[in-house]
Each structure stands twice: as structure tokens, then as C-alpha cells.
Amino acid sequence: MTNVEIARIFSEIADILEIKEENPFKVRAYRKVTQLLESLPQEIEEIYKKGELYKLPGVGQSIAEKITEIIETGRLKYHQKLKEGVPPGLLEMLRIPDMGPKTVALVYKKLGISTLKELEKAAREKKLRNVYGLGPKTEENILKGMKLVKERKERIPLHEALVLAEDIVKKLQEAGIVERIAYCGSVRRRRETIGDVDILATSPHPARVMDIFTSLPRVEEVLAKGSTKSSILVGEGRQVDLRVVEQESFGAALHYFTGSKAHNIRIRELGVRKGLKINEYGVFVKKGEKEERIGGREEEDIFQSVGLPYIPPELREDWGEVEAAQRGELPRLVRMEEIKGDLHIHTMWSDGANTVREVAIAAREKGYEYIGISDHSQSLKVAGGVSKDSFFQRIREIRAVDEEMPEIKVLAGTEVDILPDGTLDYPDEFLRELDVVIASVHSNFKQEEESMTKRIMKAMENPFVDIIGHPTGRLLGEREAYRINMEKLLHHAAKTGTAMEINAYPDRMDLKDTHVRMAKDMGVKLVIGTDAHHLLQLEWIKYGVWVARRGWLESKDVLNTLDFPDFFTRLKKRS
DNA sequence: GCCGTTTTCGGCCCGACTGTTTTCAGTCG
């Protein structure tokens with residue numbers, strides 16, 4: 001049973017308890033463990049085997065016993081018993097916006113409605129308004145919400161959300177009446193997928209900002225419009241929230257709207273213990289009857305008030321960053337400017353759009369010290385893989401460009417296919433001629449976990465393979481990762497000295513953040529590469545750096561932050 | 001249900017907007 005599957009059980013327990021109007025703090029305890037499981041950087045089963053469940057924050061005796069029961073028996077009696085008491089349709093109703101546990105329980109008790117169909121029918125026939133507390137507007141919103149649930153993509157990849165967020169920020173800036181403005185939420189935390197986009201601004205004319213925001217050309221519907229907060233729907237049911245606050249509150253609001261929710265709760269709890277109240281308007285201390293603001297203009301004020309150093313947004317997931325900050329052990333996260341080279345670049349020799357020379361010039365302008373030209377290998381016909389016949393010709397061209405440009409080291413590389421049996425798509429006599437070898441899986445994605453894991457482990461054993469490219473093969477929103485045992489893979493990477501790639505291609509972001517953190521903890525070498533197929537895509541390195549930062553990496557964990565000679569020495573296994 | 005340099009019991013983050021009310025509960029983030 002995976003973490004996510006176990007999380008779903010606890011989430012359902014929380015939903016049911018809420019509908020049954022159980023103790024809200026009990027509900028919160030189950031929600032908390034759900035979040036914990038969804039973002040845990042390792043399998044809960046491993047922690048269970050070590051007998052360390054009780055060490056997890058938010059896991060006490062009762063929940064530890066429940067996790068144990070699920071792992072040992074594959075089910076949870078408590079959960080099944082709860083489910084018997086509640087029609088499954090009620091849980092589905094909770095997914096409709098504006099339908100919370102109270103409303104669900106209300107229509108169930110008063111009208112006996114227990115399925116989505118019955119709910120839709122009652123709303124259409126205007127029967128909901130007969131219930132005290134519900135009205136015509138509620139009927140309308142429920143019908144709208146049901147439509148939305150059907151149409152809406154759950155989450156969109158970071159790069160799509162980033163384009164949206166940056167565009168709206170720009171439009172509001174162009175209106176000329178905002179002072180400070182920033183996007184917040186999971187976009188700012190650089191999560192790989194995004195639900196809603198959150199934007200924060202200060203302005204002397206909040207009402208006018210709201211008018212402009214709610215009448216932007218891309219607005220499909222205005223969900224809410226107030227004096228300080230508005231929400232709109234744009235394409236594909238994507239929601240964008242805007243908050244406007246006073247300048248003196250900007251930092252507090254930025255922290256609050258950046259989240260994560262779990263992180264915010266931790267910080268506010270620390271505040272409570274110090275006798276402080278922290279909200280989106282600032283940090284306040286009680287002075288007799290009055291409250292006095294002691295900070296909030298800058299985000300740093302919030303952390304300072306609870307005695308912590310600044311925690312970068314990418315770490316704010318309650319994955320242990322608060323504890324690390326308290327111990328003074330926050331990582332010094334790797335920064336974009338520290339990247340010295342990009343090893344994963346395609347050219348016209350395979351399916352790239354530019355020549356080796358064009359790529360080298362672009363990389364030199366970017367200030368890189370070295371790049372690796374890593375075209376596809378012979379079997380990958382769809383991507384114009386380099387045949388054995390042109391293999392050496394390509395190397396000669398790369399060497400020539402390298403000679404021509406003393407400011408940048410241009411390495412002859414390849415992205416060689418790992419064939420289904422784990423052998424490589426070029427013989428060793430060919431690979432030994434190259435400076436850098438990335439090995440990747442591009443075929444037979446549907447192998448069983450064991451054979452896929454062995455396949456990649458075998459590739460790692462080849463002495464010429466330096467890096468495993470996009471190690472899980474996922475395409476965000478398109479293709480699932482192939483089935484592999486990541487823990488085994490990382491162990492083998494550490495053992496063989498093979499580096500794992502953080503592929504920065506925005507649809508990949510592969511390894512992902514939790515795997516990166518696992519890799520770091522296991523002493524695996526990591527390399528960030530763009531997989532660029534066009535020189536403009538060299539800019540995508542930032543997505544890889546963000547993943548690295550979310551995986552707690554420092555520059556010393558990332559090989560391509562090193563100067564060339566050091567980088568090259570560390571990369572090669574046998575040196 | 002969890003948790004403890006104020007506590008093993010009594011707390012548990014905080015506020016905006018909407019809809020249905022006539023002062024507020026529910027939902028959301």
C-alpha cells in the first residue's frame with residue numbers, strides 16, 4: 001500500500017467524521033496525517049519497519065496503530081465501519097465547491113439526498129430552497145459547482161501556472177495603481193503542479209484594483225469580489241485569487257498566502273507560545289486591552305518574531321523545515337547563479353532545433369563554463385538518434401566547436417537508450433570516446449517494477465555511464481512514471497557512483513522533489529540538466545534548480561555547480 | 001486525536017466573503 005493510498009483512507013475518515021459533526025480537532029488530526037503522508041519523502045512502510053512511526057509529527061498511539069493495521073492487513077476496520085454509516089454519495093458531494101460537511105449533512109437529513117444525481121435534480125427543481133438556511137443562490141452555485149467539478153483539470157503543471165501568474169501580475173502593474181505585487185501560493189513555493197494561483201498587492205486604490213482584476217479579458221467568471229479579496233475563474237476552470245493589503249502588512253500577507261497551510265499553522269503556533277498573534281496583517285502582541293503591531297512589512301519579520309531565520313518558500317511544506325530552522329540547520333539552498341553548466345542538450349544531430357555551434361554560443365552568453373551535447377542514440381528513430389555511421393563525425397564537429405571557443409568547454413556526450421534488457425544502445429568502444437554519457441529509458445515503459453528496476457541498475461553498472469537521465473520517465477499530466485523501486489535504484493546509484501539527473505524540462509521535473517531529498521540523504525550525486533531541444537529552452541534550467549531546492553539541495557550536492565576540472569573529476573566514476 | 005522550557009489535561013491558526021439571515025454560520029484558503 002502506497003503512502004497516497006493510505007492518505008486517502010485517513011482523508012476519508014476525516015470527511016466522514018466531519019459530516020457526523022465529530023470533534024473538529026479530531027478531524028484536524030486526521031487531515032494532518034493525510035497531508036503528512038501525501039508529502040512524505042519516503043515510504044511509510046519503511047518507517048513502520050524501523051518501528052519509528054511514533055517519531056512522525058502528528059502521529060500518536062491511535063494513528064500509529066491504524067497505520068500498522070493498514071500495512072499489515074491491507075485494510076482498516078475503523079474506516080470500514082465508518083463508511084457503513086455514510087452513503088458514498090455524500091463524500092462525492094464534498095468535492096463540489098461551497099458544499100462542505102454541514103451542507104451535505106443538511107440536505108441528507110432534511111431531504112434524504114445521498115447521491116450527486118439526487119442533488120442535481122433537487123437543485124434543478126428548486127427544492128433545496130425549502131430547507132431553512134438554503135436559498136436560490138445556493139441551488140445555482142451547486143449546479144455551477146457540479147459542472148466545474150466535471151470539467152476542471154485537477155492541477156496544472158508549474159510552468160503553465162507560472163505563465164498565468166506572471167501575465168496577471170504584469171497586467172496589474174501596467175494599470176499603474178499597485179505598489180508592491182507578487183504571486184504567492186504553490187507557484188511561489190515552486191510545487192510541480194498548481195491548483196489555484198494567488199496574487200498579493202498593495203495599492204492606494206484597492207477598489208480600483210479589484211475592478212481591473214475582475215474585468216481582465218481572460219476572466220470567465222467572477223466568483224467573489226470584495227474590497228480586499230476577489231476570486232476569478234479563467235480558462236479550464238482555473239481559479240485566481242487576488243488580495244490587496246496595506247503596505248505595512250505586505251510581508252505578513254506574503255508569508256500567509258505563500259503557505260503551505262501546514263507550514264503557516266506551525267509558525268502561528270510558535271507565535272501563540274510566545275504570546276503573539278500572527279495573521280496576514282502582521283505580528284501583534286497584547287498590550288493591556290490593545291494589540292500592538294511589532295512587524296509585518298517584510299516577510300522576514302514573521303520568522304524573526306518567532307525566533308527563526310528566514311525560511312525560503314521552497315522549503316515551506318512542514319517537512320521538517322521548522323525544526324531544522326530551530327536547530328540552525330537549514331540548508332543553504334542551491335541558487336540559479338551557481339549552475340556552471342548544462343549537460344543535457346540536444347542539437348540537429350538528433351531532434352534538436354539548433355547546431356552545436358549555436359548552442360555553444362548561447363550557453364557561453366549565459367555564462368556557463370561547460371556544456372554537454374547529448375543527442376539521442378541510434379535506436380531512437382523517432383527522435384533521429386545518431387547512427388553508428390555519423391557517431392564519430394558528430395564528435396569531430398563538437399571538438400571543432402570546442403577548439404573555436406576557449407571560454408566554454410563543449411563536451412561530447414550522448415543520451416544513450418537503455419534497452420529493455422538493461423544493455424545500452426551503443427557498444428562500450430563507442431561510449432569510451434565520449435566525455436559524458438547520460439543513459440535513459442525511452443521504450444518498453446510498461447515493464448514490471450522488478451525488471452524495470454533491474455534494467456536501470458544494470459545500466460548503472462556500465463563503467464561509462466555517468467548519469468541516469470529523467471529516472472522515472474513521467475510526463476506531468478500525460479504519462480505516469482514507470483514502475484521502479486526508487487530506494488533500490490538510489491542505493492545502487494550511490495554504490496556505483498552514478499549520478500542521477502534532475503531533468504528540468506518543465507513537463508518532466510524528474511527526479512521529483514521527494515526523490516531528490518531521498519537521494520541527498522543516501523549520498524547520491526545529482527546533476528541538473530534541461531533536456532533542451534532549442535536554445536531558448538536552456539532557460540528551463542530554473543525548473544530543475546527549483547526541484548533541487550525543494551529537495552533541500554545545497555550547491556555541494558549538485559555536481560554541475562562545480563568548476564570544470566572539479567566537475568569532471570567528480571562526475572567520472574573511476575577517478 | 002495530538003501534544004507539552006507555562007500543561008499528562010485542556011488547549012488546538014486566523015480572517016474574508018457569501019448567502020441567508022436580521023446577527024451569523026458555512027466554506028475556503
Side-chain angles (χ1 to χ4, degrees), chain A residues 10 13-14 17-19 21-36 53-67 78 93-107 128-142 144-145 184-186 195-200 206 210 214 222-232 239-245 249 252-253 255-284 291 296 302 306-307 318 326:
Chain A
F10 286 117
I13 291 174
L17 293 179
E18 216 169 9
I19 289 174
E21 300 198 55
E22 268 272 8
N23 177 359
F25 296 107
K26 192 167 167 179
V27 174
R28 198 178 118 184
Y30 282 109
R31 295 249 181 260
K32 219 176 150 189
V33 73
T34 302
Q35 280 187 341
L36 175 82
L53 286 177
Y54 69 94
K55 280 192 183 170
L56 295 167
V59 176
Q61 191 183 346
S62 168
I63 288 180
E65 281 170 4
K66 290 186 172 71
I67 294 174
Y78 175 67
M93 284 182 210
L94 287 176
R95 297 216 317 273
I96 302 169
D98 298 332
M99 283 290 279
K102 294 278 163 45
T103 315
V104 167
L106 190 66
V107 297
L128 296 181
R129 64 185 68 179
N130 298 333
V131 179
Y132 183 83
L134 302 180
K137 209 69 177 158
T138 312
E139 287 168 345
E140 199 181 308
N141 285 343
I142 284 175
K144 260 193 224 160
C184 321
S186 45
D196 298 337
V197 170
D198 300 294
I199 294 170
L200 172 71
M210 290 304 169
T214 52
V222 177
L223 293 173
K225 185 180 175 190
S227 56
T228 67
K229 177 183 172 183
S230 295
S231 300
I232 57 173
Q239 185 174 333
V240 183
D241 297 336
L242 172 69
R243 287 290 290 255
V244 179
V245 298
S249 297
H255 178 258
Y256 171 58
F257 293 115
T258 297
S260 69
K261 190 173 170 151
H263 169 90
N264 286 349
I265 290 176
R266 293 296 309 280
I267 298 296
R268 288 182 177 190
E269 281 171 351
L270 290 181
V272 169
R273 265 181 248 167
K274 287 181 181 289
L276 302 172
K277 186 174 80 174
I278 299 173
N279 59 27
E280 59 262 54
Y281 299 109
V283 182
F284 302 89
E291 283 177 343
I302 307 301
V306 294
D318 196 18
Q326 283 172 324

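To find a chain, count down the sequence lines: A is the first, B the second, and so on, and within it residues start at 1.
Comparing the C1' positions of dG11(B) and dA16(B) gives an interatomic distance of 26 Å, to the nearest angstrom. For dT6(B) and dC12(B), the C1' atoms lie 16 Å apart once the distance is rounded to whole Å. Straight-line distance between the C1' atoms of dT8(B) and dG1(B): roughly 15 Å, to the nearest whole Å. Across the P atoms, dT20(B) and dG26(B) are found 14 Å apart, a figure rounded to whole Å. Spacing of P atoms, dC2(B) relative to dC13(B), comes out at 16 Å, to the nearest Å.
For N23(A) against dG1(B), a side-chain N or O and a base N or O form a donor-acceptor pair under 3.5 Å.
Between I19(A) atom CD1 and dT27(B) atom C1' the separation is 14 Å, expressed in whole Å. With rounding to whole Å, Q61(A) atom CD is found 18 Å from dT8(B) atom P. Across the protein-nucleic acid pair, E21(A) atom CD and dA25(B) atom P stand 13 Å apart, rounded to whole Å. Protein atom NZ of K144(A) is 18 Å distant from nucleotide atom P of dT27(B), rounded to whole Å. Atom NZ of K26(A) and atom P of dC2(B) are 10 Å apart (whole Å). I13(A) places its CD1 atom 12 Å from the P atom of dC2(B), with the value rounded to the nearest Å. Note: CZ (R28(A)) to P (dG11(B)) measures 15 Å, nearest angstrom. Between M93(A) atom CE and dT27(B) atom C1' there is a gap of 17 Å when expressed in whole angstrom units.
The two residues C184(A) and L200(A) have their closest heavy-atom pair at SG-CB, 3.7 Å. Closest non-hydrogen pair, V306(A) versus I267(A), comes out as CG1-O, 3.9 Å.
Residues meeting the side chain to side chain donor-acceptor pair (under 3.5 Å) test with R95(A), sequence neighbours left out: none. Checked against side-chain contact (heavy atoms from CB on, under 4.5 Å), N23(A) has the following partners two or more places apart in sequence or in another chain: F25(A), K26(A). Shown here are the side-chain contact (heavy atoms from CB on, under 4.5 Å) partners of P206(A), two or more places apart in sequence or in another chain: V244(A). For K225(A), the salt bridge (Lys or Arg N to Asp or Glu O under 4.0 Å) partners at least two apart in sequence or on another chain are D211(A). Listed by chain and number, the residues in a side chain to side chain donor-acceptor pair (under 3.5 Å) with N264(A) amount to none (sequence neighbours excluded). Taking K32(A) as the reference, nothing meets the side chain to side chain donor-acceptor pair (under 3.5 Å) condition, with sequence neighbours excluded. Partners of E65(A) by side chain to side chain donor-acceptor pair (under 3.5 Å), not counting sequence neighbours, listed by chain and number: Q61(A).
In terms of position along DNA chain B, the nucleotide closest to Y78(A) lies nearer the 5' end than the nucleotide closest to the other residue of the pair Y78(A) and P97(A). Where D198(A) and K274(A) meet DNA chain B, the nucleotide closest to each residue was compared, and K274(A) sits on the side nearer the 5' end.
Nucleotide dA16(B) forms a pair with dT27(B), judged by Watson-Crick or G-U wobble geometry with both contacts under 3.5 Å.
For dT7(B), the glycosidic angle deviates from 0 by 90° or less, giving a syn base.
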### Task
Indicate for each nucleotide in nucleotides 14-20 of chain B, in 5' to 3' sequence, whether protein heavy atoms under 4.0 Å reach the base (B), only the sugar-phosphate (S), or nothing (-).
BSSSSSS
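K66(A) comes within 4.0 angstrom of sugar-phosphate atoms only, judged by non-hydrogen atoms across all strands, and of no base.
Salt-bridge annotation for R31(A) and E18(A): present, with a side-chain N of the basic residue lying under 4.0 Å from a carboxylate O of the acidic one.
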Might you list the N or O atoms of the protein lying below 3.5 Å from N or O atoms in nucleotides 3-5 of chain B, with each pair's distance?
unit_1, atom_1, unit_2, atom_2, d
dC3(B), OP1, G58(A), N, 2.7

